[in-house]
Peer 1: 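The structure follows.
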2 protein chains.
Amino acid sequence: MDRELSYKDKKVITIGTVCELTGLTERQIRYYEEKKLVFPERSKGKIRKYSFSDIETLIKIASMVEEGVQTFEIRQKMKKQKEKEIERKLIQGQINAHFGLRNGKR
Amino acid sequence: MDRELSYKDKKVITIGTVCELTGLTERQIRYYEEKKLVFPERSKGKIRKYSFSDIETLIKIASMVEEGVQTFEIRQKMKKQKEKEIERKLIQGQINAHFGLRNGKR
DNA sequence: CGTGTAAGGAATTCTGACACG
DNA sequence: CGTGTAAGGAATTCTGACACG
């Protein structure tokens with residue numbers, strides 16, 4: 001159904017690698033999780049696993065924090081962002097339904 | 001130049017996760033490396049890092065081994081496979097050059 | 001509020017080797 | 001040949017806390 005894109009959202013990267021890719025410290029990354037800005041999965045041993053998507057999110061968060069935006073506000077913005085996304089998909093779904101399409105991807 | 005595809009080839013996955021995704025044991029994965037079938041990168045501490053692309057390769061290798069194909073033969077096949085790929089890209093490059101295109105991606 | 005750090009433990013990974021077949 | 005395993009060490013990650021501001 002989505003061969004290529006699945007890579008982007010698969011949670012397979014450990015925190016050390018995320019640090020390298022984002023330039024952030026473990027402390028920062030864990031803190032942003034505490035503030036509900038990122039949601040890594042955990043593998044048996046409680047090890048955090050991130051996706052490439054998470055990494056992009058973290059980079060955005062970091063630049064906002066640098067600009068002085070508080071994590072609380074960032075969380076609000078991300079929530080709104082997500083709501084818009086949902087609505088967009090909903091509408092797209094209705095359009096597709098109208099034209100008898102299944103799986104409106106691509 | 002290639003935003004999406006870069007994920008597939010980025011070496012960021014540790015061996016434990018590769019085991020989960022492929023169903024192979026660490027022993028098998030390291031052995032296939034010894035036999036020059038996969039080429040993980042190493043992060044500072046000598047930890048192996050694999051890409052999603054490597055994972056796909058490993059799955060193919062595993063099924064061939066199960067069929068009784070020896071790693072030596074698999075290596076040969078992969079080498080031929082790679083040569084064909086190079087030739088294909090070469091030809092494509094010439095075609096693109098002929099039409100004045102830069103970067104024949106997509 | 002956001003981040004650094006030392007602390008101690010648990011989980012992960014590594015290498016080289018012996019074993020079986 | 002391909003893979004399992006026990007062995008000991010090194011690197012990674014985790015949590016909870018104290019600190020600064």
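All values below come from the heavy atoms of this structure, side chains included, with hydrogens, waters and symmetry mates left out. This structure is a prediction, so every number in the text was calculated from the model and none was measured. Naming convention: chains lettered A, B, ... in sequence-line order (proteins, then strands); numbering from 1 in each chain.
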Peer 1: Ignoring hydrogens and geometry beyond distance, is a side-chain donor-acceptor pair present between B/T17 and A/K49 at under 3.5 Å?
Peer 2: yes
Peer 1: Could you state the atom-to-atom distance from CZ of A/R42 to P of D/dT15 in whole Å?
Peer 2: 4 Å
Peer 1: To the nearest angstrom, how far is A/I13 atom CD1 from D/dT13 atom C1'?
Peer 2: 16 Å
Peer 1: Tell me the interatomic distance from B/E41, atom CD, to C/dC14, atom P, rounded to whole angstroms.
Peer 2: 14 Å
Peer 1: Please check if any side-chain donor atom of B/D54 sits under 3.5 Å from a side-chain acceptor atom of B/S51, or the reverse.
Peer 2: yes
Peer 1: Side-chain N or O of A/T14 versus OP1/OP2 of D/dT12: is the shortest distance under 4.0 Å?
Peer 2: no
Peer 1: Starting at the 5' end of DNA chain C, which residue's closest nucleotide do you reach first, A/V65 or A/S43?
Peer 2: A/V65
Peer 1: Taking 4.0 Å as the cut-off, does a side-chain nitrogen or oxygen of A/Y31 come that near to OP1 or OP2 on C/dT3?
Peer 2: no
Peer 1: Would you say that B/E56 contacts B/K8 through its side chain, given a criterion of any heavy-atom pair below 4.5 Å between the two side chains?
Peer 2: yes
Peer 1: If you pin B/T71 and A/E26 to their nearest nucleotides in DNA chain D, which one's is more 5'?
Peer 2: B/T71
Peer 1: Is there side-chain contact between B/V69 and B/V65, with heavy atoms separated by less than 4.5 Å?
Peer 2: no
Peer 1: For C/dT3, does OP1 or OP2 lie under 4.0 Å from any side-chain N or O of A/Y32?
Peer 2: yes
Peer 1: Taking the minimum atom-to-atom distance to the side chain of A/T25, which one of C/dG4, D/dT15, D/dT3 wins?
Peer 2: C/dG4
Peer 1: By the 4.0 Å heavy-atom rule, please label A/R30 as base, sugar-phosphate, or nothing.
Peer 2: base
Peer 1: May I have the distance from A/I47 (atom CD1) to C/dA10 (atom P), rounded to whole angstrom?
Peer 2: 13 Å
Peer 1: Rounded to whole angstrom units, what separation is found between the CD atom of A/E67 and the C1' atom of C/dG2?
Peer 2: 16 Å
Peer 1: Among the nucleotides C/dT15, C/dC18, C/dT5, which one has an atom lying closest to any side-chain atom of B/R27?
Peer 2: C/dC18
Peer 1: Taking atom C1' of D/dG4 as reference, at what distance in whole Å does atom CD of B/Q28 sit?
Peer 2: 10 Å
Peer 1: Can you tell me the pairing partner of C/dG2 across any strand shown, Watson-Crick or G-U wobble, with both distances under 3.5 angstrom?
Peer 2: D/dC20
Peer 1: Heavy atoms from C-beta onward define the side chain here; which of D/dC14, C/dT13, C/dT15 lies closest to that of A/R48?
Peer 2: D/dC14
Peer 1: In whole angstrom, what separates A/I15's CD1 from C/dT3's C1'?
Peer 2: 13 Å
Peer 1: Need the pair for D/dC14. Rule: Watson-Crick or G-U wobble, both distances under 3.5 Å, any strand; none if unpaired.
Peer 2: C/dG8
Peer 1: Rounded to the Å, how far apart are A/I29 CD1 and C/dG4 C1'?
Peer 2: 14 Å
Peer 1: I'd like to know if the side chain of B/Q28 reaches the main chain of B/T25, judged simply by a donor and an acceptor atom lying under 3.5 Å from each other, with no hydrogens or angles considered.
Peer 2: yes
Peer 1: Please determine, for the side chain of B/K44, which listed nucleotide (D/dT12, D/dC14, D/dG2) has the closest atom?
Peer 2: D/dT12
